[in-house]
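A, B, ... follow the sequence lines: proteins, then strands. Residue 1 opens every chain.
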Number of protein chains: 2
Amino acid sequence: MSLPHAILTALLEKPSSGLELTRRFDRSIGYFWPSTHQQIYRELGKLERAGHIRVLPTAQPARGQRKEYEVLPAGREELSAWVSLAEDPRPVRDPLLLRMRAAAVVGAPGLAGELRRHLVLHREQLAEYLEIERRDFPPERTADEDRLRHLVLRGGIDLETFWTGWLTRAIDDLTGSGPGPGTGSRASDDS
Amino acid sequence: MSLPHAILTALLEKPSSGLELTRRFDRSIGYFWPSTHQQIYRELGKLERAGHIRVLPTAQPARGQRKEYEVLPAGREELSAWVSLAEDPRPVRDPLLLRMRAAAVVGAPGLAGELRRHLVLHREQLAEYLEIERRDFPPERTADEDRLRHLVLRGGIDLETFWTGWLTRAIDDLTGSGPGPGTGSRASDDS
DNA sequence: CGTCATTGTGCAACTAGTTGCATAACGAAG
DNA sequence: CTTCGTTATGCAACTAGTTGCACAATGACG
C-alpha cells in the first residue's frame, strides 16, 4: 500500500491537482514508484473520502475543472505512521534474468542484442540521474534537510551503475567466446 | 506474462509436480521470479489447457494425488518465441526509497534502524548466492552451457552487493552527523 | 460561430499477484 | 481402526497495477 503514501508525500511537498501530480511523478517520485494519472485520480478519491486530503476551497468542483488538493493533519499522521513501519525488501522480479535462464535451456540467438539494448537504456537513465544530481545537489553545501533526498537519488545512481556494469560484463562474456550453449540438455537444479 | 515461461523453463530442466515445482522455485528460479504454489497450480492448469504441457501418463489423476508434468513441443516453441521478445526493463518500485523520501518531509525517528535491518537481510542473501556460486560454479572449468546460468547468478550477487554498499553508506551518512532533518518544510520539486 | 487541440478529470474492464482456506491421500502413533 | 501430521492439489476472494476510453472546459484559428 505505497501509492497513497507516495501521493501524500508529493502533496506535502506541494499541493497539486491530479494532472500536476502525475507530471511531478514522472520526473521525481515516479523514479522509484511509477504511477499513471488514472491510478492517481482513483487514489486521490480514496484519500479524500478517508479524510486524509481535501480540495483547496479556491477551486470550484466541476467535471473537467481543475481541483487542487492539500494534505490534512490526519493525512500527515498517516504518513508519519507509515514511514516508521518495518517492511521487508520486495523480492526481485526481473524478466531479463528469466529470459537468460530460459535461454540456457532453449537457446538464445538474439539475446546479446537485447542485452545491448538494455545497456543503452540503463546508461540513459544513469545520465539523467547524474544530471539531476549535478543540478540539485552541487558538492559545496549539502543542506541538512536534503540529505535524505540525495541518498535516494544516490540509490538510483548506484542501481543504474550496477546494471550497466553487469550488462557490460554479460555482453562481453556472451560474445567474447563461442557461439553460446544452443539447446541445453542437462536436468540439474539450483542456482 | 512471465510466470508461465518461468514454469516452462523449470519443467524443461526437469519434469515435476506442482509442489515439487514450488520447492524448486524457492531455491532457484524464484530468486528472480518468486511464486506461490497457488499461483503455480493455476498456471499449470492454463498451460495444460493450452496444450503446452501434459501430465505424465505414469501418474494417475485424482484429487490430492501427485501429478507430474512435462513440456510438449508446442510449449518449447512458445518458450523459444518468448525468449527472443524485446521487453523494456521494468521501472524500479521500492518502498524503502519511498520511505526515505517521505522521511525527508515528515521526519524519521527509526529510519536508520530499518536501514540496518535491510542491510542484514541483503548481506544474508548475498552470502546465500555466494555459497551457490562456490558450490555450482567452481573457478576451474566453466562448462559452456552453464555460462548463462552463471551470469544470472552473478546478476543476483552484484545486485545484493549494490544494496549492501548503498545501505552501508546511507547508514553512515544518516548517523554520522546531526540528528537528521526532522520535519522538513521546503516546497521545491524534482530529484 | 464552429471545430480542433490541449488540459484536465475520471470510469470500467482486465491482468497479475496475494491471502485464506478447503479437500484428498497416506502413513505413523496410539 | 481412528486420529493426526504431512504431502499434495486446488478454489475463491481480494488487492494493486494496466489499458482503453469517455467526457468536460478552455482557448486558438479560420
For atom CE of Met1(B) and atom C1' of dT19(D), their distance in whole Å: 16 Å

Side chains of Ser16(A) and Arg23(A), donor plus acceptor under 3.5 Å: no

Separation of atom CG in Leu47(A) from atom P in dA16(D), rounded to whole Å: 12 Å

N/O (side chain, Arg23(B)) to phosphate O (OP1/OP2, dA8(D)) under 4.0 Å: yes

Asp26(B) CG - dT7(D) C1' separation (whole Å): 15 Å

Side-chain N,O (Gln39(B)) to OP1/OP2 (dT18(C)) below 4.0 Å: yes

Minimum-distance nucleotide (side-chain atoms of Arg93(B) versus dT9(D), dG17(D), dG10(C)): dG17(D)

Atom pair CG (Leu130(B)) and OG1 (Thr161(B)), whose distance is rounded to the nearest 0.5 Å: 7.0 Å

Glu77(B) and His52(B) side chains, donor-acceptor separation under 3.5 Å: no

Candidate nucleotides dT9(C), dT19(C), dG17(C), ranked by approach to the side chain of Leu3(B) - the nearest: dG17(C)

Between Ser28(A) and Arg101(B), a side-chain donor and acceptor under 3.5 Å: yes

Which nucleotide in dG17(C), dT19(D), dA8(D) has an atom nearest any side-chain atom of Gln38(A): dT19(D)

Whichever of His37(B) and Pro91(B) has its nearest DNA chain D nucleotide further upstream toward 5': His37(B)

Value in whole Å for how far the P atom of dG10(C) lies from CD of Glu43(A): 14 Å

Euclidean distance, atom OH of residue Tyr41(A) to atom P of dT19(D) [Å, nearest integer]: 19 Å

Side-chain N,O (Arg42(B)) to OP1/OP2 (dA13(D)) below 4.0 Å: no

Touch class at under 4.0 angstrom, heavy-atom based, for Ser17(A) against every strand present: sugar-phosphate

Touch class at under 4.0 angstrom, heavy-atom based, for Arg90(A) against every strand present: nothing

